[in-house]
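Beneath this line is the structure, given in structure tokens, with notes to follow.
Chain identifiers are assigned alphabetically (A, B, ...) following the order of the sequence lines, protein sequences preceding nucleic acid strands; residue numbering begins at 1 within each chain. Only a predicted model underlies this, so the values are computations on that prediction, with no experimental measurement involved.
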Amino acid sequence: MSGDHSHNEDQIDCGSRVNDSHKHKDKYKHKEHKKDKEREKYKHGNSDYKDFSNKKHKDKEKMKHKDGSTDKFKDKHKEKRKDEKIKSLDGKVKKEKENGFASPHVKSEPEDDLYHSPKFEKSLKRERDDDYDSEFKPKKIKTENDKKAKKRKQENEDIKSKKTKSKKGEVADGKKKAKQEPEEKWKWWEEERYTDGVKWKFLEHKGPVFAPPYEPLPSHVKFYYDGKAMKLSPEAEEVATFFAKMLDHEYTTKDIFRKNFFKDWRKEMTSEEKTKITDLKKCNFTEMSEYFKAQSEARKAMTKEEKQKIKEQNERTLQEYGFCIMDNHKERIANFRIEPPGLFRGRGDHPKMGMLKRRIRPEDIIINCSKDSKYPEPPPGRKWKEVRHDNKVTWLVSWTENIQGSIKYIMLNPSSRIKGEKDWQKYETARRLKKCVDRIRAQYREDWKSKEMRIRQRAVALYFIDKLALRAGNEKEEGETADTVGCCSLRVEHIKLYPESEGQEYVVEFDFLGKDSIRYYNRVPVEKRVFKNLQLFMENKEPDDDLFDRLNTSILNKHLQELMDGLTAKVFRTYNASITLQQQLKELTTADENIPAKILSYNRANRAVAILCNHQRAPPKTFEKSMQNLQTKIDAKKDQLSEAKRELKSAKADAKVHRDEKSRKAVESKRKAVQRIEEQLMKLEVQATDREENKQIALGTSKLNYLDPRISVAWCKKWGIPVEKIYNKTQREKFAWAIDMADEDYEF
DNA sequence: TTAAGAACTTAGCATATGCATC
DNA sequence: GATGCATATGCTAAGTTCTTAA
């Protein structure tokens with residue numbers, strides 16, 4: 001791949017999540033990694049992007065802060081310090097020369113794109129994509145007259161009665177039945193869509209499944225404090241079991257985890273327990289821990305029949321609670337079980353790790369359903385917090401969790417209409433970006449020269465988001481979550497500038513923790529103007545100051561919205577991921593390869609995207625072993641091949657002597673055997689390459705969230721690859737719309 | 001206009017499942 | 001039929017963006 005989308009795969013491999021409190025963020029050292037030639041291919045870029053050549057302008061670096069913005073958007077606690085800095089900076093830059101350019105706010109869409117003025121758009125906000133998306137066909141606004149409404153109601157009734165009827169006979173052979181009569185798949189993508197924010201007209205469901213109640217430990221399983229057995233109250237015991245279950249995990253050795261746990265645990269203790277248990281170090285949970293391990297072993301050792309019984313019970317629960325009726329259709333619910341209580345396990349250095357995640361009761365639950373539906377029943381003697389009928393949202397059930405105070409939801413499965421439509425729309429927005437990305441790139445390049453600091457910052461940030469597929473980077477409340485950043489929240493300490501490094505000019509080294517505390521490490525050459533701007537942004541700042549002190553995600557997204565309707569920072573990630581896949585597939589697939597080789601090419605294209613998006617995973621624990629196993633298989637296959645070749649040779653010799661039909665046939669069959677073994681060997685070798693390359697890269701995230709599935713479907717169709725080789729069952733369900741609609745000519 | 005809250009998407013890890021091999 | 005392994009699925013945290021309230 002050519003272009004400017006350079007991305008250093010070094011970040012993979014040294015990129016384990018930094019979640020050890022003792023590993024301070026700026027202490028991590030990166031190893032230098034061998035540059036695998038294969039991976040070298042994955043330097044990302046769009047060919048249409050490479051002409052960002054640097055005009056050798058003399059940069060007029062230090063611009064006056066003409067905007068005089070209030071900076072209210074940055075953390076208050078930093079504001080004062082920052083203001084002081086800005087003042088001093090302003091004083092300094094005023095002496096410098098101005099270039100006199102004001103960056104124009106051009107908003108022009110390609111002519112083939114329908115375009116409305118922002119004002120007009122606002123009034124039509126909910127319908128915007130209907131009006132814009134070339135292939136995301138709007139169909140007429142769905143307005144139901146009474147007749148239609150009645151019909152719909154009748155249909156809903158029909159579905160309900162069908163459901164109860166089938167349920168009677170289903171209990172015993174539920175699964176079989178589902179397999180025997182695959183219901184006709186509903187092609188929602190061929191139907192009209194709602195507008196004006198209405199998400200559904202009819203919604204009926206059975207509510208959530210609660211976590212099973214706490215079962216006290218048998219009396220022989222003891223907790224010891226300071227060496228003495230101690231019987232805990234059920235409340236305190238339950239929380240103690242949460243800790244005991246995690247005893248083998250590294251978490252329980254961390255100070256913050258232990259401190260938070262102990263604090264919350266004490267809240268559950270009786271006053272007597274509280275007086276007695278004052279030191280976590282004196283607590284001995286090992287018996288509890290052993291008990292749970294034994295239980296888990298016992299579960300594994302259950303007979304087939306017992307396992308079958310549990311499976312059937314789960315299936316019944318799924319059938320009862322796992323589906324809802326939304327409009328005229330039975331739809332699968334994604335997460336119908338309420339999260340059970342336990343200890344909060346944040347990712348990375350989370351200040352709240354170890355806190356008690358409390359049990360959710362019916363009284364915490366808000367139910368959302370149709371007025372004219374049969375409401376879910378709370379457990380006997382209990383009440384819901386509220387039953388509401390809001391059809392402008394997609395959730396069925398919600399509650400507020402106690403760790404961050406955020407709301408959790410029960411929503412539909414990705415295969416549902418409501419999720420599928422949104423997903424489709426997401427890719428259509430990304431395709432619209434494709435049409436105007438050149439214009440947007442030209443604009444932000446122009447903005448690098450702006451005399452307004454805020455515009456320069458915005459333009460450089462956008463360049464990073466586009467070039468490196470960085471996330472937007474919202475501000476986070478300090479002390480509430482792990483210290484992670486995205487583009488707009490980058491701090492000075494997260495980048496290093498090298499005017500020259502390893503034979504390249506203007507290199508920026510990024511080193512920060514992103515979402516989920518996954519490390520982002522990358523060294524990229526940037527354009528001189530970007531480099532100079534970064535120097536300017538970093539001037540007179542402390543390491544923990546914001547790099548882009550005049551920018552936040554809301555400012556950035558507001559600007560993007562002006563450039564293209566529906567454009568946000570996230571769209572760049574989707575766009576760049578999808579376009580990269582499409583380009584890589586074109587580049588890597590060759591007609592004469594067999595199917596396994598083509599699939600390797602697909603995976604490599606997918607991998608290129610995963611590297612671009614920094615989707616990492618911890619190397620599987622069994623990785624080395626499984627590679628070894630595979631190598632053993634390969635060696636065995638090689639032996640088998642040479643044996644087969646020997647046999648072929650002798651058969652040929654035999655045939656030369658005898659010159660009869662029998663020996664000719666023998667040669668033929670030996671030849672076929674050699675061929676077959678060669679194919680098998682190749683398949684294994686391909687598998688080994690694929691696995692090795694995938695050691696620390698997670699392909700799933702990009703496949704599921706960033707790659708327009710129609711690109712993959714088209715590729716499958718073009719090369720005669722069964723789509724099952726690319727998407728598993730769940731993925732095929734999620735992407736049913738794409739599988740149905742994309743033909744081999746589809747272009748992202 | 002801005003901050004807070006709500007809604008929804010994206011994320012990696014843990015566990016369950018099911019298939020291949022002995 | 002048991003075992004071991006790879007893959008699929010479930011779970012829920014952590015993001016982004018949209019919406020509402022002050």
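Taking side-chain N and O atoms only, A:K311 has a distance below 4.0 Å to OP1 or OP2 of B:dG18. Of the side-chain N and O atoms in A:Y706, none sit less than 4.0 angstrom from OP1 or OP2 of B:dT9. Distances shown here put every side-chain N or O of A:K426 at or beyond 4.0 Å from the OP1 or OP2 atom of B:dT9. Put simply, A:T701 has no side-chain N or O that comes within less than 4.0 Å of OP1 or OP2 on B:dA11.
What separates CG of A:L396 from P of B:dA7 is a distance of 13 Å, to the nearest Å. Whole-Å rounding puts the A:E315 CD to B:dT17 P distance at 11 Å. Atom-to-atom, NZ of A:K703 to P of B:dT10 comes out at 17 Å; the value is rounded to the nearest Å. In this structure, the CE atom of A:M302 is 17 Å from the C1' atom of C:dG1, given to the nearest Å. The distance between atom NZ of A:K300 and atom C1' of C:dA2, rounded to the nearest whole Å, is 15 Å. Whole-Å rounding puts the A:Y409 OH to B:dA7 C1' distance at 5 Å. A:N552 has its CG atom 13 Å from the P atom of B:dA4, to the nearest Å. In this structure, A:H559 atom NE2 and C:dT17 atom P are separated by 14 Å, rounded to whole Å.
Residues forming a side-chain contact (heavy atoms from CB on, under 4.5 Å) with A:T252 (at least two apart in sequence, or on another chain): A:F243, A:M246, A:F257. Shown here are the salt bridge (Lys or Arg N to Asp or Glu O under 4.0 Å) partners of A:E477, two or more places apart in sequence or in another chain: there are none. Considering only residues two or more places apart in sequence or on other chains, A:R417 meets the salt bridge (Lys or Arg N to Asp or Glu O under 4.0 Å) condition with A:D327, A:E421. Applying the side-chain contact (heavy atoms from CB on, under 4.5 Å) rule to A:K309 yields no partners; only residues at least two apart in sequence or on another chain are considered. The salt bridge (Lys or Arg N to Asp or Glu O under 4.0 Å) test applied to A:R388 returns A:E386, not counting sequence neighbours. Scanning for salt bridge (Lys or Arg N to Asp or Glu O under 4.0 Å) contacts around A:K419 gives an empty result, with sequence neighbours left out.
Looking at heavy-atom distances under 4.0 Å, A:R332 makes contact with sugar-phosphate atoms alone, never a base. Among the protein residues, A:R573 comes within range of the sugar-phosphate backbone only, with heavy atoms under 4.0 Å from sugar or phosphate atoms but none that close to a base. Counting non-hydrogen atoms under 4.0 angstrom, A:S398 reaches nothing in the nucleic acid.
For A:K311 and A:E315, the salt-bridge test fails: no basic side-chain N is under 4.0 Å from an acidic carboxylate O.
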Using a 4.0 Å heavy-atom cut-off to protein, can you give one letter per nucleotide of nucleotides 11-16 of chain C, 5' to 3': B if the base is in contact, S if only the sugar-phosphate is, - if neither? SBBBSB
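Comparing A:A698 and A:G405 by the nucleotide of DNA chain B that holds the closest heavy atom to each, the one mapping nearer the 5' end is A:G405. Projected onto DNA chain B by closest heavy-atom contact, A:R617 and A:D390 fall at different nucleotides, the more 5' of which corresponds to A:D390.
In this pair, A:F510 and A:F464 present their aromatic rings perpendicular. The plane angle is above 60°, beyond the 30 to 60° band.
Counting only residues at least two apart or on different chains, the salt bridge (charged side-chain N to carboxylate O under 4.0 Å, His left out) pairs with a member in residues 398-411 of chain A are A:E339-A:K408.
For A:I518, whose side chain is taken as the heavy atoms from C-beta onward, the closest listed nucleotide among B:dC8, B:dG12, B:dA14 is B:dG12.
Ring-centre distance between A:F344 and A:H350: below the 6.0 Å cut-off.
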Between protein and nucleic acid, restricted to nucleotides 6-8 of chain C and to nitrogen or oxygen atoms under 3.5 Å apart, what atom pairs and distances do you find?
{"from": "C:dA6", "atom 1": "OP1", "to": "A:S626", "atom 2": "OG", "distance (Å)": "3.3"}
{"from": "C:dA6", "atom 1": "OP1", "to": "A:R691", "atom 2": "NH1", "distance (Å)": "3.0"}

